[in-house]
Number of protein chains: 2
Amino acid sequence: MRQTKQRNAILGSIRSAEGPLSIAQIHGRAGEKIPRLGIATVYRAVKALREDGEIVAVDLPGEEPRYEAADIGHHHHFCCRACGQTYDLGVCPVGIPRGTMLPGGYTVEDHSLTLYGRCAACEA
Amino acid sequence: MRQTKQRNAILGSIRSAEGPLSIAQIHGRAGEKIPRLGIATVYRAVKALREDGEIVAVDLPGEEPRYEAADIGHHHHFCCRACGQTYDLGVCPVGIPRGTMLPGGYTVEDHSLTLYGRCAACEA
DNA sequence: GTAGATGCAAACGCTTTGCCGCTTA
DNA sequence: TAAGCGGCAAAGCGTTTGCATCTAC
């Protein structure tokens with residue numbers, strides 16, 4: 001993959017974020033460094049970075065897709081209802097190992113948990 | 001809210017489903033009973049039924065919004081990766097009561113859990 | 001020098017809205 | 001009969017694509 005100032009700015013904004021970013025957020029943050037940054041460039045760069053394994057998509061219920069660095073590992077997210085920001089969490093309170101079969105015959109491979117509430121700044 | 005055959009068919013298809021349905025699924029199922037059922041009618045009926053408290057939206061990560069009867073109570077969903085169907089689950093393996101404060105100062109009000117894997121039919 | 005990347009604008013797909021004729025109460 | 005509803009088509013809006021230009025390698 002070719003190194004350009006646009007992609008550097010895009011990947012940099014994702015890496016330096018406190019949680020996963022939406023396309024609009026990436027465009028806003030990277031756009032501070034690259035004036036006239038096209039939204040299509042963001043979409044294309046995000047797609048390329050995903051295929052390259054640099055970043056992963058984070059889909060949260062009822063939210064537009066967000067993206068974060070791929071090397072973070074299994075974790076979940078906290079979504080602040082006051083400010084709308086999404087944060088990474090370290091905890092995983094879901095005790096369902098891969099391969100578990102639930103009543104009804106559902107074989108679990110994976111799970112996604114999102115917590116909702118108020119972040120420290122908004123709670124104050 | 002006025003009683004029409006379209007809305008009866010739409011609410012009926014949601015109530016009789018084995019899990020939450022997408023707009024397209026509702027349109028397909030209700031459309032079997034009501035030929036020429038417009039997609040806009042489905043959107044408008046779903047919106048009205050939501051405001052009326054009859055149904056609730058079910059947002060799953062990376063999926064289009066789905067809708068199910070409102071009187072089902074707290075539960076989670078299982079998403080089959082093979083057939084794409086979503087099913088209601090009875091279990092809730094998340095031990096985080098409302099009001100819990102997580103490291104980082106996040107106050108939890110609510111949570112959403114989605115399990116992924118294969119349903120009984122697809123596993124066979 | 002050339003394949004790949006960018007910016008712009010048009011195309012696209014899903015959702016919403018406007019309009020007008022029809023239906024329910 | 002009158003307010004609400006349904007069907008159709010157009011408008012919106014976020015995402016994707018085409019194309020000509022530019023740039024990293």
Side-chain angles (χ1 to χ4, degrees), chain A residues 1-15 17 19-68 70 79 84-86, chain B residues 1-15 17 20-68 79 84-86:
Chain A
M1 199 169 105
R2 191 169 286 186
Q3 194 94 345
T4 67
K5 57 181 183 299
Q6 287 88 344
R7 291 191 173 173
N8 286 338
I10 288 168
L11 184 54
S13 67
I14 294 171
R15 286 202 178 282
L21 300 183
S22 66
I23 293 289
Q25 288 174 316
I26 296 168
H27 186 230
R29 297 189 186 198
E32 293 174 4
K33 291 166 188 161
I34 315 279
R36 322 190 54 68
L37 174 64
I39 190 72
T41 298
V42 177
Y43 279 105
R44 280 187 283 227
V46 163
K47 186 182 180 192
L49 288 166
R50 283 223 285 159
E51 290 169 352
D52 215 51
E54 293 275 353
I55 64 176
V56 293
V58 175
D59 287 311
L60 302 178
E63 305 274 323
E64 66 265 80
R66 293 160 190 268
Y67 303 90
E68 69 185 5
C79 209
Q85 183 60 49
T86 300
Chain B
M1 201 170 102
R2 193 170 284 185
Q3 193 93 345
T4 67
K5 56 181 183 300
Q6 286 90 344
R7 291 192 174 174
N8 286 338
I10 287 168
L11 184 53
S13 68
I14 294 171
R15 285 201 178 284
L21 300 183
S22 68
I23 293 289
Q25 289 175 314
I26 296 168
H27 186 229
R29 297 189 186 197
E32 293 174 4
K33 290 166 188 162
I34 315 278
R36 322 190 54 68
L37 174 65
I39 190 72
T41 298
V42 178
Y43 279 104
R44 280 188 283 228
V46 164
K47 186 183 180 191
L49 288 166
R50 283 223 287 159
E51 290 170 352
D52 215 52
E54 292 275 354
I55 64 175
V56 294
V58 175
D59 288 311
L60 301 178
E63 304 274 324
E64 67 263 81
R66 293 160 191 267
Y67 303 91
E68 68 185 6
C79 207
Q85 183 61 48
T86 300

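Every chain is numbered from 1, with letters handed out A, B, ... down the list of sequences.
- Here B/Gln3 lies in heavy-atom contact (under 4.0 Å) with sugar-phosphate atoms only.
- Distance CD (A/Gln25) to P (D/dG14): 14 Å, rounded to an integer number of Å.
- Contact record, B/Asp59 with A/Gly62: CB-N, 3.2 Å, taken as the closest heavy-atom pair.
- For D/dG7, the OP1/OP2 oxygens have a side-chain nitrogen or oxygen of B/Thr41 closer than 4.0 Å.
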Quick one: which protein N/O atoms are closer than 3.5 Å to N/O atoms of nucleotides 18-20 of chain D? Pair and distance per line, please.
{"from": "D/dG18", "atom 1": "O6", "to": "A/Arg44", "atom 2": "NH1", "distance (Å)": "3.2"}

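- For B/Lys5 and C/dC22, the NZ to P distance is 13 Å, given to the nearest whole Å.
- Applying the 4.0 Å criterion to OP1 and OP2 of C/dG7, one finds that A/Gln6 has a side-chain N or O inside that range.
- Considering only side-chain N and O atoms, A/Arg7 lies under 4.0 angstrom from the phosphate OP1 or OP2 of C/dT6.
- For the pair B/Asn8 CG and C/dT24 P, the interatomic distance rounds to 10 Å; values are reported in whole Å.
- Residues A/Arg7 and A/Leu49 form no side-chain contact, since every pair of their non-hydrogen atoms from C-beta on lies 4.5 Å or further apart.
- The distance from atom CD1 of B/Ile39 to atom P of C/dT16 is 11 Å, rounded to the nearest whole Å.
- Between the CZ atom of B/Arg36 and the C1' atom of C/dC22 there is a distance of 14 Å, rounded to whole Å.
- A/His27 places its NE2 atom 12 Å from the P atom of C/dT6, with the value rounded to the nearest Å.
- Regarding B/Glu63, its CD atom lies at a distance of 16 Å from the C1' atom of C/dC14, rounded to whole Å.
- Judged by closest nucleotide on DNA chain D, B/Arg2 is the one of B/Leu37 and B/Arg2 placed further toward the 5' end.
- Minimum interatomic distance between A/Ser13 and A/Ile10 (heavy atoms only, all atoms of both residues): OG-O, 2.8 Å.
- Applying the 4.0 Å criterion to OP1 and OP2 of C/dG4, one finds that A/Thr4 has every side-chain N and O outside that range.
- Here the shortest heavy-atom pairing between A/Arg15 and A/Glu54 reads NH2-OE1, 3.1 Å.
- What separates CD of A/Glu64 from P of C/dC14 is a distance of 19 Å, to the nearest Å.
- A heavy-atom distance below 4.5 Å is not found between the side chains of A/His27 and A/Gln25.
- Pairing each heavy atom of B/Tyr67 with each of B/Ile26, the nearest pair is CD1-CD1, 4.2 Å.
- Closest approach of A/Pro20 to A/Gln85, counting heavy atoms only: O-NE2, 4.4 Å.
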